[in-house]
Protein chains: 2
Amino acid sequence: MSNKNKASITELLRASKLSITDTRVKILELFMNSNGALEHSSFEKLAGQTFDRVTVYRTLQTFLDKGIIHSIPTTDTSIRYALCKSDCSEHDHHDHHVHFKCEECGTTTCLEDTDVPEIHLPKGYAMHNVDVVVSGVCKQCK
Amino acid sequence: MSNKNKASITELLRASKLSITDTRVKILELFMNSNGALEHSSFEKLAGQTFDRVTVYRTLQTFLDKGIIHSIPTTDTSIRYALCKSDCSEHDHHDHHVHFKCEECGTTTCLEDTDVPEIHLPKGYAMHNVDVVVSGVCKQCK
DNA sequence: ATACTTATGCAACTTTGTTGCATAAAAATT
DNA sequence: AATTTTTATGCAACAAAGTTGCATAAGTAT
């Protein structure tokens with residue numbers, strides 16, 4: 001982890017009015033170092049470091065609330081999380097990209113360049129958020 | 001539950017080469033009587049009937065395998081299930097409709113008439129399935 | 001340096017999901 | 001229609017995932 005990233009993590013936390021703690025910094029480092037979305041269990045295993053389960057739950061919830069990370073829907077029981085891009089904020093939070101889950105390697109990635117297409121709902125429905133999850137085989141596994 | 005539906009449940013099970021048991025019939029009745037998608041916990045509560053947790057898990061898994069129901073991804077821990085339409089089969093199973101989750105009443109419904117738009121993936125990716133989940137406010141709650 | 005606020009970790013608990021095995025029920029066979 | 005074979009169910013015991021309250025530790029403000 002470069003000093004540049006360390007600094008930007010600190011800034012990110014400060015911008016969200018969160019106090020800068022060890023756990024928060026380390027969890028954000030994990031996000032930045034991994035290319036895919038992380039599920040909850042990843043945080044206890046990784047980095048030779050042990051995090052308390054409770055702390056991880058609370059930290060992720062805080063990050064969600066502040067719009068620092070977003071959750072990606074799955075059809076298994078686990079929820080996956082990924083860092084939000086700059087166009088997310090606490091009160092206006094939506095992902096403008098498609099999520100891709102590889103059936104081979106199991107990783108979920110955000111396809112930043114793939115736009116979420118427009119959806120036309122039936123009359124009477126109000127749309128707040130659209131989640132698109134594509135499953136298939138990724139570049140690396142093909 | 002009408003006799004007509006009872007008969008069609010029997011047929012459905014027979015067509016999938018599943019033996020016709022009490023539990024299976026009752027769980028399918030629950031699906032047909034509810035307009036929204038069901039999550040696992042619904043099955044133990046509903047209908048004044050108690051189902052063993054293990055049996056419910058195994059029954060839903062069987063239905064999934066046979067393409068009788070499909071699962072709908074969520075960002076909470078629960079998985080939701082809904083009946084498949086006729087164009088699903090055991091080996092070629094995909095939903096051609098959009099799922100809608102209402103933030104007010106919490107129910108998830110299949111918007112049968114809303115097509116899943118075409119998604120253009122970056123080069124090197126193979127697409128098998130697309131899940132679209134829209135959240136917002138439904139007709140009834142608005 | 002001290003007071004104040006917030007985050008963390010532990011313990012105990014609840015809920016959710018899994019596995020093996022004996023029994024019960026359904027389907028096939030005679 | 002009775003018996004055999006196959007399959008589904010329920011129980012028990014367990015494993016994993018998620019939650020809550022509270023004392024302590026660490027961060028922030030004065």
**Message:** Under the rule for salt bridge (charged side-chain N to carboxylate O under 4.0 Å, His left out), what residues qualify as partners of B:Asp76, not counting sequence neighbours?
**Reply:**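 Scan of B:Asp76 (salt bridge (charged side-chain N to carboxylate O under 4.0 Å, His left out), adjacent residues dropped) gives B:Lys101.
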
**Side-chain heavy atoms of B:Leu18 within contact of B:Lys66, under 4.5 Å** =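 Touching, per the 4.5 Å side-chain cut-off.
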
**Asked** Are a donor atom and an acceptor atom from the side chains of A:Arg24 and A:Thr62 found within less than 3.5 Å of each other?
**Response**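 Checked: A:Arg24/A:Thr62 side chains show no N/O donor-acceptor pair below 3.5 Å.
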
**Request:** Using the six-membered ring wherever Trp is involved, compare the ring planes of B:His99 and B:His70 and label them parallel, tilted or perpendicular (cut-offs 30° and 60°).
**Result:**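 Aromatic pair B:His99/B:His70 classed tilted.
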
Given atom [atom1] of [X] and atom [atom2] of [N], what is their separation to the nearest angstrom?
{"X": "B:Ile27", "N": "D:dA8", "atom1": "CD1", "atom2": "C1'", "answer": "12 Å"}
{"X": "B:Lys26", "N": "C:dA26", "atom1": "NZ", "atom2": "C1'", "answer": "15 Å"}
{"X": "A:Arg14", "N": "D:dG27", "atom1": "CZ", "atom2": "P", "answer": "13 Å"}
{"X": "B:His40", "N": "D:dG18", "atom1": "NE2", "atom2": "C1'", "answer": "17 Å"}
{"X": "A:Gln61", "N": "D:dT20", "atom1": "CD", "atom2": "P", "answer": "11 Å"}
{"X": "B:Leu64", "N": "C:dG17", "atom1": "CG", "atom2": "C1'", "answer": "15 Å"}
{"X": "A:Asp76", "N": "D:dG18", "atom1": "CG", "atom2": "P", "answer": "11 Å"}
{"X": "A:Tyr57", "N": "C:dT14", "atom1": "OH", "atom2": "P", "answer": "17 Å"}

Would you tabulate the nitrogen or oxygen pairs shorter than 3.5 Å linking the protein to nucleotides 3-12 of chain C?
from  : atom 1 : to      : atom 2 : distance (Å)
C:dA7 : OP1    : A:Arg24 : NH1    : 3.3
C:dA7 : OP1    : A:Arg24 : NH2    : 2.6
C:dA7 : O5'    : A:Arg24 : NH2    : 3.3
C:dT8 : OP1    : A:Thr21 : OG1    : 2.8
C:dT8 : OP1    : A:Thr23 : OG1    : 3.0
C:dG9 : OP2    : A:Thr55 : OG1    : 2.8
C:dG9 : N7     : A:Arg58 : NH2    : 3.2
C:dG9 : O6     : A:Arg58 : NH2    : 2.5

**Request:** Could you list the residues that satisfy side-chain contact (heavy atoms from CB on, under 4.5 Å) with B:Lys142, not counting sequence neighbours?
**Result:**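 Result, side-chain contact (heavy atoms from CB on, under 4.5 Å) vs B:Lys142: A:Ala126, B:Val137.
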
**Message:** Can a donor-acceptor pair be found, under 3.5 Å and without considering hydrogens, that links the side chain of B:Ser16 to the backbone of B:Leu12?
**Reply:**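 Present.
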
